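Quick notes on the structure that follows.
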Amino acid sequence: MNPQEIILSDCLENALNQAIEKCPHDKLFVLTDTTTHQLCWPVVSGFSCLQQAQTIVIGATDEHKNLDALAQVWAALSNQGGSRHSLLINLGGGMITDLGGFAASTFKRGIAYINIPTTLLAMVDASVGGKTGINFNGLKNEVGVFNPASSVLLSTEFLKTLDEHNLKSGYAEMLKHGLISNTKNWAELLNFEWEQIDYNQLQNMVATSVAIKEHVVKEDPYEEGIRKALNLGHTAGHAFESLALTEGRTLLHGYAVAWGLVCELYLSVRRCGFPTKLLQQTVHFVKENYGVFTFNCKQYVDILC
Ligand code: GLY
C-alpha cells in the first residue's frame, strides 16, 4: 500500500495547498454530504486552491453510505468531465471518507483523493489507513477496497466545532488505540479534562492516536494479522448498533465501540488473563462518559445474531 501523508495543521488552507500540489490534476472535485456542505464547505470554499473545484453533495449519515450514493458520485464525476487525472477531495465524517475513497478508487480505475475529516472519529480512525467502502445487502462495509488517500488533513478548525457527543464518539476510538499501545497514552486518555477542553492537548492526543494507528497499518496494511487489533470493541459494538437500528434508537458509532470495549475486555479477563485493573478503569471511564446501553434478556438472541 502506498504511504499516506498525514498533515496535522492549524492552517488548513496551507495544508490543502500543499496536498493539492502533490497531486497534479486536470479537474478538482469536492465531495460533501448535506450536513458538511452546510457546516464545513463554507470554511474552505474561499480558499484560492478550491476556486475551480466542482462540488458533489450526497445525503448525510450512514444511511446514505450505499450503492445509490456511490452511483451519484460516479455520475457527477463522469458528467462533469472527470478523467483519470482528476482529483477528489472528501470533506466530511467517516461516511464521506469511506464512500468518497471508494468512488475515487474505482472511477476510471482509480483517481487520487485527499481526505479532510471533519469529525474526531474520522480524524483518528476512518480517514486514515486506506479502508474505503460502502454498506451493501444490509451489511456494514460489505463492498470496498484498501486504497489510501494521497493526504489526510487533520484540522483543528473542525475539532473546535464538534459537540460533546461527537467528540466522545471519536474519543472511543482513541481509547481503543490507548488500550493497544502503552500505559502513558492510556493514563492521559483517562485523565483528560472534559469539563474544560484544552484543544491544544486534544490536538496532541489526536496526533498520538493517529500515529498508533499508522504504526499498526504499516505493519499489516491488508488486515491479515495485527491490524485486527484495530477492531477491538467493534464486534460487540456492531451488535449494539444493529439492535439500536432495529429499535429506531439513535446511537453514535463511538458509543457502541465504548460499550463494546467493556464487553470484549471482560472476555479478555475471563479467557486470556487480561489485567482486571484495566477492565475496571475502562468500565469506570465508559460508565461516567458514555452512560450504559440498556437491553433486556429477551434481546440476547438479537444481540448474539
Ligand atoms: N477501523 C479499523 C481499521 O482501519 O482497521
Side-chain angles (χ1 to χ4, degrees), residues 1-6 8 61-62 65 90 92-105 113-136 139-154 166-181 185-186 189 205-242 251-265 268 282 290:
M1 198 190 280
N2 294 329
Q4 165 176 72
E5 186 183 31
I6 314 236
L8 186 79
T61 77
D62 208 60
K65 193 174 149 183
N90 298 318
M95 188 280 255
I96 283 292
T97 59
D98 277 12
L99 186 145
F102 189 40
S105 306
Y113 73 98
I114 292 169
N115 280 340
I116 309 181
T118 57
T119 64
L120 181 58
L121 194 118
M123 288 181 198
V124 295
D125 191 29
S127 69
V128 176
K131 278 189 180 175
T132 74
I134 56 165
N135 303 331
F136 183 70
L139 298 166
K140 280 176 75 84
N141 303 323
E142 181 71 346
V143 183
V145 294
F146 286 95
N147 179 37
S150 162
S151 301
V152 181
L153 312 184
L154 307 177
N166 273 292
L167 279 176
K168 287 202 168 150
S169 181
Y171 202 79
E173 300 286 0
M174 293 169 68
L175 291 175
K176 175 194 80 180
H177 291 159
L179 283 164
I180 62 168
S181 60
N185 180 236
W186 179 241
L189 286 160
M205 288 164 75
V206 166
T208 305
S209 201
V210 170
I212 294 164
K213 175 155 186 182
E214 270 188 291
H215 179 75
V216 174
V217 170
K218 205 166 157 210
E219 291 275 302
D220 177 23
Y222 299 107
E223 199 172 296
E224 284 154 347
I226 190 65
R227 185 166 180 170
K228 292 189 178 128
L230 295 176
N231 298 333
L232 179 64
H234 284 65
T235 303
H238 283 157
F240 296 146
E241 280 184 292
S242 299
L251 179 54
L252 290 176
H253 175 68
Y255 278 65
V257 170
W259 295 320
L261 286 175
V262 169
C263 300
E264 293 175 24
L265 293 191
S268 303
T282 310
Y290 298 85

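Just so you know, these numbers come straight off a predicted model, no measurement behind them. Remember, it's 1-based here, ligands and their atoms both numbered in the order they're listed.
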Y290 side chain to V257 backbone, donor-acceptor under 3.5 Å: no

Short side-chain to backbone donor-acceptor contact, N115 and S127, under 3.5 Å: yes

Pair D220 + K228: basic N to acidic O under 4.0 Å: no

M205 and L189, any side-chain heavy atoms less than 4.5 Å apart: yes

For E173, salt bridge (charged side-chain N to carboxylate O under 4.0 Å, His left out) partners two or more places apart: K176

Write out each pair where an N or O from ligand 1 and one from the protein are under 3.5 Å apart, with the distance.
unit_1   : atom_1 : unit_2 : atom_2 : d
ligand 1 : 1 (N)  : D125   : OD1    : 3.1
ligand 1 : 1 (N)  : D125   : OD2    : 3.2
ligand 1 : 4 (O)  : K213   : NZ     : 2.6
ligand 1 : 4 (O)  : R227   : NH2    : 2.8
ligand 1 : 5 (O)  : K131   : NZ     : 2.9
ligand 1 : 5 (O)  : R227   : NE     : 2.8
ligand 1 : 5 (O)  : R227   : NH2    : 3.3

Short side-chain to backbone donor-acceptor contact, R227 and V217, under 3.5 Å: no

